[in-house]
Amino acid sequence: MVILPFGDSALLVEVGTLADVLDLHARLAGTRPAGVVDLVPAARTVLVHVDPAVLPLTAARAWITATDAAPRVPAEAATAPEEVEVPVVYDGADLAETASLLGLSVEQLVARHLAARWTVAFTGFAPGFGYLVSDDWDLDVPRHATPRTRVPQGAVALAGRFSGAYPRETPGGWQLIGTTDATLFEPGARRPVLLRPGTRVRFRRAAAQPIGRVLSSAAPAAPAAFTVTDPGALATVQDAGRPGRLADGVARSGAADLPAFAAANRLVGNAAGAAVLEVTLGGFRATAHRDLWVAATGAWAPLHVAGREVDPYRPVRWPAGTELAIGTARAGVRVVLAVRGGVAAAAALGSAGTDTLAGIGPDPLRAGDEVAMADAAPHPVPPVDSWPWTPPSDALVVAVAAGPRGDWFTPAARRAFLATRWVVDARADRVGIRLDGPPLERTTDAVARELPSEGMLPGAVQVPPDGCPVILGPDGPVTGGYPVIAVVTAAGRAALAQARPGSHLLLRSASPAP
C-alpha cells in the first residue's frame, strides 16, 4: 500500500489489485471516523477525501495505515453484501459482433453473462454508472475505436473485463449487448443509486422489451417572486452542493465561487446554504412581482435595479413591478445573485444545485421562467457591510498542492508547470478549465503507461496526452484516467471560478513542488 498526496484535503491510497481495493474500501468504510467526506474506490486506488478542520491529513494517514495493518475479518464473520437483480433483454446493437469477436455464439455469450456473479467495483463516468467485475468472467472485450455520440438509457454493455449499465443517455464506447428497465439512478429516491460499490449483482433474462424511465422530484409549489425575461448566456440555481456522494458517481457541484456565494447570502440575511442564481457573463434580466431584497457578488458587472445603477456587495431593495438587469461582466465570469428568502427549487440528492455535466438539479433558466422564494432568511438585512471586495483580476495567482502523479512528469515539466504564465482556453466552464501553454512532458517510462481510473476532486489538475493541463471544476467527473500533477487549493478554486477565457494564470506551490 502506498499513500499519495491529493491536494490539501485528500489522500490517494494505491493498492495492488481490484480485489485489494474492494477489501480496503470495505474496511475503511467500517472504521470511518468523523471528518471523512468521501471514500471513492477505483480500479487500483481508494480516494480518501476529508474535512481537514475535523480530520487533519496526518490523522487521516495514520487511520488508513492502522486500518490496513489490522487483522482481516474472516469472510464468514463479515456483513453479507447487498444483492440486487437486474433484468436484461439481450437485444443490444453490438451483441452479435461482440460474440463473434470473442469466438462465441450469441447464446454462449448471453449464458456467460447471466451465469457470472458480479460485484460493483466502483462508480464513475456518470451518476449511478457502476463498473461491475466478476471472478467468473475472464473475457476481455475491446471498446469501440470511436465512441458513440449517443448510448440509450438502460443499455447493458461490456468493455475490457467490466460490465455495466447506462443510467441515462450519454456518449460511450462500450459494446452494447442488452437493455434493462431497472431504475439505476433516481435523484429523488431514498436510495438514489442502485449499483453502489460493493453491491453484488445478478443479471436475469427478461422476456419483454423494457422501457426506460426517468423519475424526478416535482418543483415546490410557491408563489413566483420574479419572472426571468432574459437569462443571459447561462443562469443556473446553485447552493452548497452535494458533498459525500462521489462514490455514487455524483459530483459535488454547487456554487463555483464559494466565498462570493457566502457573502451574497449573508448580505440579504439568508441561511448560509440558501440557493442563489449563478449568472455567467451577465446579460440577465428579470421583473419582480413583489418587493424583494437582493445582493450581487462575484464577477463585476453593471447592476441596475428599477433603472438605477447600484453597487455590488450591498443589499439592495428591488421594488415590485420593476426590472433588475445585470450587464455584461467586465471582470470575472460568474455573478452570484442572492434574493432574500433564497431561491425555491426541487432538491435532488439533498441539493437544489444544477450539475451541468450530469444533468442533475433544475434546468438552466429560460426566458419566461418564474422563480419562487424559499423560507431561508432567518437574519435581518445588515444595514452596513464592510466586506473587502475588489473586481476579479485578469492575471490570477492560484495556489496548488501536491498531486498524486507528479512523478509521471519530467523535472523540467514540473518546473515549467509552476513557472509558465498559462492562458485560460475558450473551453472553460463548470466542468473544467483547459490551460494553453507549453506541453508538459511525461517521463520516458510514463509515456507508454495508461493510468487506470482514479477518484477525482474539483481542482484536480489533469494532464492529458497532449500535455495541456485541465483543471476540474465543481461539475467535473468523479473519476478520470489522466495523471493529476497537482490540486488547486480551496482558495484557488474560488479564484478560478472567475477566470475568463484569455486571462492569465500563474500557479504557485502551497506544498513541496509537485
Side-chain angles (χ1 to χ4, degrees), residues 9 37 51 231-246 250-282 284 294-301 303 312-313 326 329 331-365 371 373-374 376-377 387 389 392 396 398 428-433 457-459 471-476 478 488-500:
S9 66
V37 180
D51 179 352
L234 176 68
T236 60
V237 177
Q238 298 297 342
D239 57 12
R242 302 179 178 87
R245 296 189 177 273
L246 294 181
V250 178
R252 174 165 186 150
S253 295
D257 187 340
L258 288 174
F261 167 71
N265 272 322
R266 182 175 54 80
L267 285 166
V268 293
N270 283 347
V276 301
L277 299 187
E278 184 179 273
V279 178
T280 302
L281 295 175
F284 178 88
V294 296
T297 61
W300 190 91
L303 177 65
Y313 285 88
I326 300 175
V333 176
R334 295 177 175 89
V335 176
V336 178
L337 181 66
V339 185
R340 181 167 173 79
V343 173
L349 301 176
S351 168
T354 299
D355 183 332
T356 58
L357 178 64
I360 305 172
D363 292 333
L365 292 173
V371 179
M373 294 298 99
W387 184 267
W389 72 274
L396 300 175
V398 173
D429 55 23
R430 287 179 52 86
V431 176
I433 295 174
L457 291 172
I471 306 176
L472 297 186
D475 295 348
V478 303
V488 177
T489 64
R493 294 196 297 275
L496 283 175
Q498 304 299 348
R500 301 166 68 94

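Because only heavy atoms are used, hydrogens play no part in the values below, and waters and symmetry mates are left out as well, while side chains stay in.
Phe284 has its side chain out of reach of Val335: every pair of non-hydrogen atoms, C-beta onward, lies at least 4.5 Å apart. At a threshold of 4.5 Å between non-hydrogen side-chain atoms, the residues Val343 and Met373 count as touching. Between Val268 and Val339, the closest side-chain pair of non-hydrogen atoms is not below 4.5 Å. You'll find the side chain of Leu365 reaches within 4.5 Å of the side chain of Leu277, heavy atoms only. A 4.5 Å side-chain heavy-atom check between Thr280 and Val333 finds at least one atom pair inside the cut-off. Within the 4.5 Å cutoff, the side chain of Thr297 has no heavy atoms near those of the Asp257 side chain.
Annotation: the span from Leu281 atom CG to Ile326 atom CD1 amounts to 11.5 Å, rounded to 0.5 Å. The distance from the CD1 atom of Ile433 to the CZ atom of Arg500 is 13.0 Å, given to the nearest 0.5 Å. Taking CZ of Arg252 as the start and OG of Ser351 as the end, the distance is 9.5 Å to the nearest 0.5 Å. Note that the CD atom of Gln238 and the CG atom of Leu258 stand 10.0 Å from one another [nearest 0.5 Å]. Between Arg493 atom CZ and Leu472 atom CG the span is 11.0 Å, to the nearest 0.5 Å. To the nearest 0.5 Å, atom CG of residue Leu246 and atom CG of residue Leu457 are 6.0 Å apart.
A donor-acceptor pair under 3.5 Å is absent between the side-chain atoms of Asp355 and the main chain of Ile360, judged by distance alone. The backbone N or O of Glu278 lies less than 3.5 Å from no partner atom in the side chain of Arg334, so there is not a single donor-acceptor pair.
Across Ala263 and Tyr313, no two heavy atoms sit closer than the pair CB-CE2, 4.1 Å. Among all heavy-atom pairs drawn from Asn270 and Gly341, the shortest one is OD1-N, 2.7 Å. Of all the heavy atoms in Ala376 and Ala274, the pair that sits closest is CB-CB, 3.9 Å. The nearest pair of heavy atoms linking Arg430 to Thr354 is NH2-O, 3.8 Å. Taking each heavy atom of Gly273 and Asn265 in turn, the nearest pair found is C-ND2, 4.3 Å. When every heavy atom of Pro474 is checked against every heavy atom of Gly254, the shortest pair comes out as CB-O, 4.1 Å.
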